[in-house]
Amino acid sequence: MMFTDRDPAPEFFNGKIQKLLKSLTRLDLDKVYRRRTVSRNAVEYKFMTTEQVQQEIENSLRKARKLLQMPPVVQMRDPEYRVLSKDEGLANYTDSDIIFTDISHGLSDFERKIVIRKVDGTLETAPQDVRKRLNQIYFPTEGRKIRTPKMFEPEYLKRCLEEQKYEFILDRLTVQYEPYEKEFHDISSQVYLHVNESKEFHQLRSTRHFGPMAFFLAWHRITDNLLFDTIKRDFLLNGVEIIELQCLLNNVQLPAEALFEQLRRLSGQNERKLTHLSVEGGSNEQSLKRQIESKLGKSEEDLEVDSVCLEILKEFVKSHSQKKAQLELALQTHEEAIREKKRILNGLKTAHGIN
């Protein structure tokens, strides 16, 4: 299951699609900067002022966004194969083929001219496997191997998938192959489908691979498990974004468009906050209201947004879902939880005399 029907690049690089994919990724600084088993993994401690801490947070956010830059999703392509000439006078000049490579700087691996003079005198363009090997010899990419790593062979890849080493596979894949290569499409598709079957979406959430995976699932209209995961984790706005993404990629009308407009008004089209810092000042009533909402985990505005999201999700599940019963039950449970949170919030506000 790959992108064979049409080129996904125009949709993937569309500004609206990119915004949805970045929002779905959910930047989590703890995960982005988690400790890894690498040679240089030291922790540095510093004494800072409040202003310096704020500056470090802003720098960390900028760096985190860069680390979450998504690998591009493009159509699979191979260099054009052509026989350039046949010169019988050069036949059997040598007992092996001769490869000629343009080693000029400033050319991409795909654009570089590489041709082969065959033993029978035929001059032809080099196939992709030869091009890849020669490019790596003359212009090596750090971390890329000339021979295919064993982990990408079916036997070992299956073991890695069973051990749910999804991020490891995809990280290694982006180094070894270019996004337009068949192997990249084959292996990434296998990983995305395995994640979807195992429902282990949290392993890729807040990594650079979550956006392309969501794009793949939405492109092929197999988002039911991902929708269920967002509902279960109380990421209802992400659930609505998945619906919007799937509709945009497949030229399908949005369900309940009036509710989408209402949701945009409620959210103010603001991007999700990436970090939460305590806000000082304000009246005692405002401070008390923030404390109540903090304990509850949701503000009054958040609960209103969730209610609209639930209605959109119910409309979509009713007409487009293949796992209707499972999703409807999850939505019903969540709807009851929202009603209970609203009741508790109103009760606490009334008890404290807050309007």
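Predicted model, so just to flag it, every value in this text is computed and none were measured.
- No hydrogens or angles considered: nothing links the side chains of H185 and E183 as a donor-acceptor pair under 3.5 Å.
- Of the charged side-chain nitrogens involved, none lies within less than 4.0 Å of a carboxylate oxygen, so that R144 and E181 do not count as a salt-bridged pair.
- The main-chain N or O of D171 is never found under 3.5 Å from a side-chain atom of R208 such that the two would form a donor-acceptor pair.
- In the model, T223 has a side-chain atom that pairs as donor or acceptor with a side-chain atom of Q246 under 3.5 Å.
- Looking at T122, its side chain never comes within 3.5 Å of a backbone N or O of V83 through a donor-acceptor pair.
- Under 4.0 Å is where a charged nitrogen must lie from a carboxylate oxygen, and between D229 and R205 at least one such pair does.
- Between the side chains of D186 and Q190, not a single donor N or O lies within less than 3.5 Å of an accepting N or O.
- Remark: the backbone N or O of Q69 is not paired with any side-chain donor or acceptor of R65 at under 3.5 angstrom.
- Aromatic ring pairs are classed by plane angle as parallel below 30°, tilted from 30° to 60° and perpendicular above 60°; the pair H105 and F139 is perpendicular.
- Ring planes of Y166 and H194: tilted class, angle from 30 to 60°.
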**OP:** Please assess Y81 against E124 for the test side chain to side chain contact (heavy atoms under 4.5 Å, CB included), listing each intermediate value before the final yes or no.
**Re:** CA-CA 7 Å; Y81 171 77; E124 61 185 28; 2.7 Å; yes

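- The closest donor-acceptor contact from the side chain of N238 to the backbone of T230 lies at 3.5 Å or more, if one exists at all.
- In this structure, K16 pairs ionically with E244, as a charged nitrogen and a carboxylate oxygen lie closer than 4.0 Å.
- The closest donor-acceptor contact from the side chain of K324 to the backbone of K318 lies under 3.5 Å.
- Here the side chain of N225 pairs no donor or acceptor atom with the backbone of S198 at under 3.5 angstrom.
- Without hydrogens or angle criteria, D97 side chain to I116 main chain gives no donor-acceptor distance under 3.5 Å.
- Contact check on R264 versus E261 returns a salt bridge, with a Lys/Arg side-chain nitrogen under 4.0 Å from an Asp/Glu carboxylate oxygen.
- Within the 3.5 Å criterion, the main-chain N or O of S60 finds a donor-acceptor partner in the side chain of Y33.
- Side chain of R112 to backbone of S104: a donor-acceptor contact under 3.5 angstrom is found.
- Checked by atom type and distance alone, the side chain of S206 pairs as donor or acceptor with a backbone atom of R26 at under 3.5 Å.
- Atom CD of E88 has 12 or fewer neighbouring heavy atoms from other residues, nucleotides or ligands inside a 6.0 Å radius.
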